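Single-structure report; data block below.
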Amino acid sequence: MSLTTRRTRMAAAALAAITAIGGLAACGKDDDAPAAGEKPAKLVVDTFGEFGYDEIIKQYEKDTGIKVELRKTAQLNEYRPKIVRALATGKGAADVVALEEGILNEFKANPANWADLAPLVADHSKEYLPWKWELGKAPDGRLIGLPTDVGSLAVCYRRDLFQAAKLPVERDQVAALWPDWNAFIETGKKYRTATGKGLLDSVTTAASAVMFQQGGELFYDKDDNIVADKSAAVKTSWDTAVAMADANITAETATWSPEWSAGFKQGTFAATFCPSWMLGIVADNSGPENKGKWDVAPVPGGAGNWGGSWLGVPTQSKYPKEAAKLAEYLTNAQSQVAAFKLKGPLPTNLEALKNQEFLAYTNEYFNNAPTGKIFGESVAKIQPLHLGPKHQAVKENAFEPALRSYEQGQATKDKAWEQFAKDAKTQGAF
Amino acid sequence: MSLSATTAPPSPAAPPPRPPARRRSRSHSLTRLDLKYSPYLYIAPFFVIFGIFGLYPMLRTAWMSLHDWNLIGDHSFIGFDNYVALVKDEYFWNATLNTFGIFLLSTIPQLLLALFLANLLNRTFLRARTLFRMAIFMPNVVSVAAVAIVFGMLFQRDFGVINWLLSFVGIDAVDWDAERWSSWTAIASMVNWRWTGYNTLILLAGMQAIPRDLYEAAALDGASQWKQFWRITLPMLTPTFVFVVILSTIGGLQLFTEPLVFANGNIIGGDQREFQTLAMYMYELGIENLNTAGYGAAVAWAMFLMIALVSGINFLLVRRTVK
């Protein structure tokens, strides 16, 4: 036997072994699919931020005998890759997955990954805010998400810091300070003169607030073409934010950065725009020592919707029927009121929004602000928004960095806008 | 390569006559099998594992890079279009510049420092050497994410310790992640802190292998410590040094966690991508943007080629200059 043939054989054998193992690894599926009608021992729920499900789930476990594992991820940008990984590999997704509005759209673009909930649960289409219900549907008509919360806008402000700056501190007086955005900027200038600090946490939270007040189309038009630099809503938001940067009324912290988190406790800034779900985050960042120092006032320029989620069931779930039932349970009127009381996500169920317990709720941490009433009233005024498939990427990787570049003096107004227009095209392509 | 079974000359000697099969005992044949094949079995674990976790992903990535690939959807074959686009991609070159910038800022001081420390630890008169050798390795044991978080806090703009210290010498607070030079410095400091000790130990091991009598002879001839270092230690250390340089090159060009945590998890690395590394750009395209997974795979392969190239150049350079 010559050396060469032996070598070739060895190589072939090695290659065969590798392929065989690769193949094995690729199809190492666990085929313990449940028999029809079998009740699951456990269901897994994936959420990000704070959904306030801890108590509700205990009740569900008691009622049904099915154990529920609640997997929480703190931030959306850590949470999204986990879902992507699970969908891309076909493994590891939870049975019920929370989908935020910014990322829902890109998942809607591939609806086959999600179970159609319509045949699995009762017809709830009339029980929720109509636009919210519609947004849970994929282009092919299947219902991939049941509505959870909505992110109606308000301003969180620090009473003690306002007092130190000789500004009014009571809710209605504070509201009177800023009927519109110009008045808000003027207040910011007064605060700067009095304290030398920025009133607002960051220019991008303001930009988001303005953007989500506009309603209609933002970065994408109705047919999901990217129109970021031609959109009137985006331009209004950009201009308002630029005016704030020019007026020097912010603390120049980047949202979600350590400076930002620490800033709540340290009083680096005295106000931030908080959608209902943000209340829990403000409270957590500020800590118990600042309890009662924060308060909630209406936002300048009217109602808007920032954030909010749906619950979906991935097709890879072994118990789609039970998972859908759990999602139904978690989004019903009673659960939505309970979640709101625990962590602040605002109901989208019409019955929950009329619930006396909800409307009468006051938030102890925020100086007993009647958050049920404040947010509940603004919900009805929300303009439906159309967010395109890659809204979140355009907002976080094109719009906000460009705006911050301008605020920090790294780019001129024109350069920053150019940067945004260019990046929006690449980030928004799908 | 061109040799094949058909063109190979026939074996000169006729094959030895086979002993009659009946007489061969079972154990004898097993021993023969054992002698012949068990060495392959012994080295198999590495190759099997490499096949699964190294070769297979690499080939699959290469395959992906020739496609327009949606991570959670469809894909179609497009040939080398991704690579053509890559060459024209401004952000790819930006990431390349950042990666090499941080690489140089971290590798050069790191290796010099490691060489210095290793030489120090190699001295015979140092007391409690083992203690120091262990202590120097400590940073490497700490989780990279923890390092990045702690350094991220040190380099904070508003409440960071570094800015606080700078304020004593009258320097204004630096917004560390807003500029190229400052963000590169901050990230390079994390890398240096974590890897200097590791390289020191490898270099020290190399130094220990140098025969003592060389130094004794040199000392008798009146060579100073400094001269001994240049004339004996450094030339004898070349193979180890090459190894360390290549290891640092591979690690440095794959930099990911430190800049990512420094950017608070934002994959674009700074508002103007001032510290987005190649690995981050690859992740942005391949994982974050679901629909450009194929393009991300192309970046991965470009990165691989770059690392191979730079390692090769470093290998040649180090061999030349140190000799």
Side-chain angles (χ1 to χ4, degrees), chain A residues 1-5 8 10 14-15 17-19 21-22 24-26 75 77-78 80-81 83-85 87-88 106-107 109-110 112-113 251-254 256-260 262-263 266 268 389-390 393 396-398 400-405 407-411 419 422-423 426-427 429-430, chain B residues 1-11 15 40 44 47-53 55-57 59-60 70-74 89-91 149 152-153 155-160 175 177-180 263-274 283-285 287-293:
Chain A
M1 193 189 280
S2 85
L3 194 68
T4 329
T5 42
T8 330
M10 282 300 300
L15 206 68
I18 288 166
T19 343
I21 288 159
L24 273 181
Q75 285 185 26
N77 64 6
E78 294 166 33
R80 182 180 163 277
I83 306 178
V84 169
R85 193 162 58 223
L87 295 183
E106 62 184 348
F107 291 126
N110 292 293
N113 291 315
E252 291 187 31
T253 56
W256 310 110
S257 71
E259 282 92 355
W260 183 75
Q266 308 281 353
T268 325
K390 299 190 73 182
E396 280 185 5
N397 293 344
E400 293 182 351
L403 205 48
R404 276 198 298 267
S405 292
E407 187 184 32
Q408 295 174 345
Q410 293 168 286
Q419 183 189 334
K422 175 175 178 276
D423 289 350
T426 48
Q427 297 288 338
F430 67 100
Chain B
M1 289 298 171
S2 60
L3 277 182
S4 77
T6 45
T7 56
S11 21
Y40 294 107
F47 287 98
V48 169
I49 287 170
F50 173 74
I52 299 171
F53 296 104
L55 196 63
Y56 173 72
L59 295 178
R60 179 151 167 104
N70 187 324
L71 209 52
I72 56 172
D74 305 325
D89 186 348
E90 187 191 323
Y91 288 153
I149 289 168
M153 281 158 79
F155 284 103
Q156 258 193 47
R157 185 195 60 195
D158 292 344
F159 311 107
D175 195 355
D177 54 10
E179 303 275 348
R180 264 218 161 96
N264 306 316
N266 190 331
I267 202 72
I268 69 169
D271 293 333
Q272 303 211 303
R273 297 177 185 257
E274 53 267 13
Y283 189 89
E284 180 192 348
L285 294 167
I287 312 285
E288 282 254 315
N289 300 357
L290 303 176
N291 53 335
T292 51

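All chains are named by letter (A, B, ...) in the order of the sequence lines, taking the proteins before the strands, and each is independently numbered beginning at 1. Small disclaimer: the values here were computed from a predicted structure and weren't measured.
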Which bit of B:I267 is near chain A, if near means a heavy-atom gap under 4.5 Å: side chain, backbone, both or neither?
side chain
Rounded to the nearest 0.5 Å, what separation is found between the OG atom of A:S257 and the CG atom of B:D158?
8.0 Å
CZ-CD distance between B:F159 and A:Q266, expressed to the nearest 0.5 angstrom
4.5 Å
Those residues that, when tested against B:Y91, pass ring-ring contact (aromatic ring centres under 6.0 Å, His included) (two or more places apart)
none
Heavy-atom pair count under 4.5 Å with chain A, highest-scoring of B:E284, B:E179, B:R157
B:R157
Go through it in stages, so that I can follow the logic: the residues are B:L71 and A:R85, the test is side chain to side chain contact (heavy atoms under 4.5 Å, CB included), and I'd like the CA-CA distance, side-chain angles, deciding distance and then a yes or no.
CA-CA 9 Å; B:L71 209 52; A:R85 193 162 58 223; over 6 Å; no
Under 4.5 Å heavy-atom distance to chain B, tell me which part of A:T268 shows up: side chain, backbone, both or neither.
side chain
One option among A:A254, A:P258, A:G409 has the most heavy-atom pairs under 4.5 Å with chain B, and it is A:P258
Euclidean distance, B:I72 CD1 relative to A:F107 CZ, rounded to 0.5 Å:
5.5 Å
Does any non-hydrogen side-chain atom of B:N289 lie less than 4.5 Å from one of A:K390?
yes
Roughly how far, to the nearest 0.5 Å, is the CG atom of A:N77 from the CG atom of B:N264?
9.0 Å
Looking only at heavy atoms, what is the nearest atom pair of B:Y283 and A:P81, with distance?
OH-CB, 3.6 Å
A:A109, part contacting chain B, at a heavy-atom distance under 4.5 Å
neither
Can you tell me which portion of A:N113 sits under 4.5 Å from chain B's heavy atoms? Options are side chain, backbone, both or neither.
side chain
To the nearest 0.5 angstrom, please state how far the CG atom of A:D423 sits from the CZ atom of B:R273.
5.5 Å
Listed by chain and number, what are the salt bridge (Lys or Arg N to Asp or Glu O under 4.0 Å) partners of A:E400, not counting sequence neighbours?
A:K395
Compare all side-chain heavy atoms of A:E106 with those of B:N291 and state whether any distance is below 4.5 angstrom.
no
Rounding to 0.5 Å, atoms CD (A:E259) and CG (B:D177) come to a distance of 6.5 Å
Contact origin within A:Q410 toward chain B - heavy atom pairs under 4.5 Å
both
Determine, stepwise, if the pair B:D175 / A:E252 fulfils side chain to side chain contact (heavy atoms under 4.5 Å, CB included).
CA-CA 10 Å; B:D175 195 355; A:E252 291 187 31; 5.6 Å; no
Honestly, the part of A:R80 sitting under 4.5 Å from a heavy atom of chain B is side chain
Decide yes or no for B:D271 and A:Q419: does some side-chain heavy atom of the first lie under 4.5 Å from some side-chain heavy atom of the second?
no
